[in-house]
Amino acid sequence: MADNYILEMENVDKIYGSGDSEVKALNHVSFSVHKGEFIAIIGESGSGKSTLLNIVGMLDRPTNGKIVIDGIEQREMTLDQQAVFRRENIGFIFQSFNLIQELTVEENIIFPISLGHNKPDRKKIDSIINKLGLEKRKQHFPSQLSGGQQQRVAIGRALATEPKVLILDEPTTSLSGQDVQRLFQVIRTLKKKGVAILFVT
Ligand code: ADP
Ligand code: MG
């Protein structure tokens, strides 16, 4: 396998349930992603897109197959190692923004860093907040924000850890045209920085 790939999947299967209720969500999926590559994944509802992203993002394990992220084979990691790896290398943006309602904008963005042993870099966090146009919303709570603003917080949270792989699962579904434009602007910048992006639409 070439070592300039950030992500490689080989013959990945995901089977949910068993017997009569068995669902084969992924059937022998293989692909590779370079640094800075943008991959769009399309398919009808129920075709396994979210399943694929959850497996790439180590939120779920495949039934069969091989996954290598940044040169490390996933099945050789313990669940604890996977959790740390995920936090440090993978950013998620979901359709529902999954913000913590009890935390402010700033606290939500810092949250993944605070789970690790690293202290948040104030300058970097402020620069992310400014770039996303949230400087006047730092102390607000998610319920006080529009959908587009909440999504920008989710983007900020995904960027705060400087991920190598960014995963977006139907992020534009509930956004206005202007917010979609803004999202793509952020994505272009990340792509230039070498972040690999998997985008389900
Ligand atoms: P998509 O995101 O493309 O709409 P999903 O990956 O969510 O598709 O689902 C793929 C298939 O797997 C669907 O048939 C879905 O019902 C099934 N599925 C997804 N998650 C589970 C689960 N946790 N348990 C059982 N079946 C599931
Ligand atoms: Mg889905």
Side-chain angles (χ1 to χ4, degrees), residues 5-33 37-70 73-75 77-83 85-87 89-101 108 111-112 142 146-159 161 163-177 179-184 186-187 190-191 195-201:
Y5 289 121
I6 188 75
L7 167 68
E8 297 169 87
M9 289 194 120
E10 229 181 78
N11 286 324
V12 168
D13 295 330
K14 180 66 185 182
I15 299 166
Y16 292 112
S18 60
D20 281 349
S21 62
E22 183 178 296
V23 176
K24 193 151 201 183
L26 298 178
N27 187 9
H28 283 37
V29 175
S30 301
F31 67 97
S32 307
V33 185
E37 196 170 358
F38 177 96
I39 306 268
I41 300 164
I42 50 175
E44 59 192 49
S45 173
S47 59
K49 305 182 297 297
S50 295
T51 300
L52 179 67
L53 292 191
N54 288 342
I55 286 176
V56 169
M58 297 191 191
L59 294 173
D60 203 355
R61 280 182 180 243
T63 308
N64 293 299
K66 183 172 166 181
I67 299 165
V68 182
I69 300 188
D70 203 21
E73 195 172 338
Q74 188 209 23
R75 61 189 165 199
M77 289 188 238
T78 66
L79 286 178
D80 283 350
Q81 286 171 331
Q82 284 187 35
F85 187 87
R86 181 170 63 228
R87 202 165 59 221
N89 297 290
I90 299 171
F92 290 95
I93 297 171
F94 299 99
Q95 181 187 341
S96 59
F97 311 116
N98 292 353
L99 300 177
I100 300 171
Q101 297 300 320
N108 265 285
F111 185 68
S146 72
Q149 288 168 333
Q150 290 184 46
Q151 194 209 33
R152 278 184 265 154
V153 179
I155 293 170
R157 182 185 51 189
L159 300 186
T161 54
K164 294 183 176 131
V165 179
L166 182 66
I167 291 174
L168 301 102
D169 195 353
E170 304 196 41
T172 59
T173 311
S174 52
L175 292 186
S176 70
D179 286 321
V180 172
Q181 289 306 316
R182 227 186 317 239
L183 175 63
F184 278 101
V186 174
I187 287 174
L190 292 173
K191 195 176 171 308
V195 179
I197 298 158
L198 272 76
F199 190 105
V200 159
T201 183

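In each ligand, atom 1 is the first atom listed, and ligand 1 is the first ligand listed.
- Ile67 has its side chain out of reach of Val56: every pair of non-hydrogen atoms, C-beta onward, lies at least 4.5 Å apart.
- You'll find the side chain of Phe94 stays beyond 4.5 Å of the side chain of Leu53, heavy atoms only.
- There is a protein heavy atom closer than 4.0 angstrom to atom 14 (O) of ligand 1.
- In this structure, Phe92 and Pro163 have side chains that are not in contact, with every pair of non-hydrogen atoms separated by 4.5 Å or more.
- Residue Ser50 counts as close to the Mg ion (ligand 2), with an N, O or S atom under 2.8 Å.
- Under the 4.0 Å distance rule, the nearest protein heavy atom to atom 10 (C) of ligand 1 falls inside the cut-off.
- Those atoms of ligand 1 that come under 4.0 Å of a heavy atom in Ser50, given as number and element, are 1 (P), 2 (O), 6 (O), 7 (O).
- Checked by distance only, ligand 1 and Gly46 come closer than 3.5 Å through their nitrogen or oxygen atoms.
- Nearest protein neighbour of atom 8 (O) of ligand 1, counting heavy atoms only, is Gly48 N, 3.2 Å.
- The shortest side-chain heavy-atom distance between Leu198 and Leu52 does not fall under the 4.5 Å cut-off.
- For atom 27 (C) of ligand 1, the nearest non-hydrogen atom of the protein is Tyr16 CD1, 3.2 Å.
- The shell of residues lying under 4.0 angstrom from ligand 1, judged by heavy atoms, includes Glu44.
- Taking every non-hydrogen atom of Thr51 and a distance limit under 4.0 Å, the qualifying atoms of ligand 1 come out as 5 (P), 6 (O), 9 (O), 10 (C).
- Between Asn98 and Arg157, the closest heavy-atom pair is O-NH1, 2.7 Å.
- Between Lys49 and ligand 1, at least one pair of N/O atoms sits closer than 3.5 Å.
- Here the side chains of Leu7 and Ile39 are not in contact, with every heavy-atom distance at 4.5 Å or above.
- Polar contact with ligand 1: absent for Ala25 (N/O pair, distance under 3.5 Å).
- Put simply, the side chain of Pro171 reaches to within 4.5 Å of the side chain of Leu183, judged on heavy atoms.
- The side-chain heavy atoms of Asn108 and Pro142, taken from C-beta on, include a pair separated by under 4.5 Å.
- Within ligand 1, the atoms closer than 4.0 Å to a non-hydrogen atom of Ser45 are 4 (O), numbered from 1 in the order shown.
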task: Could you please spell out the steps behind the side-chain contact (heavy atoms from CB on, under 4.5 Å) verdict for Leu190 and Ile197?
output: CA-CA 8 Å; Leu190 292 173; Ile197 298 158; 4.2 Å; yes

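- Residue-ligand proximity: Gly43 is placed with every non-hydrogen atom at 4.0 Å or more from ligand 1.
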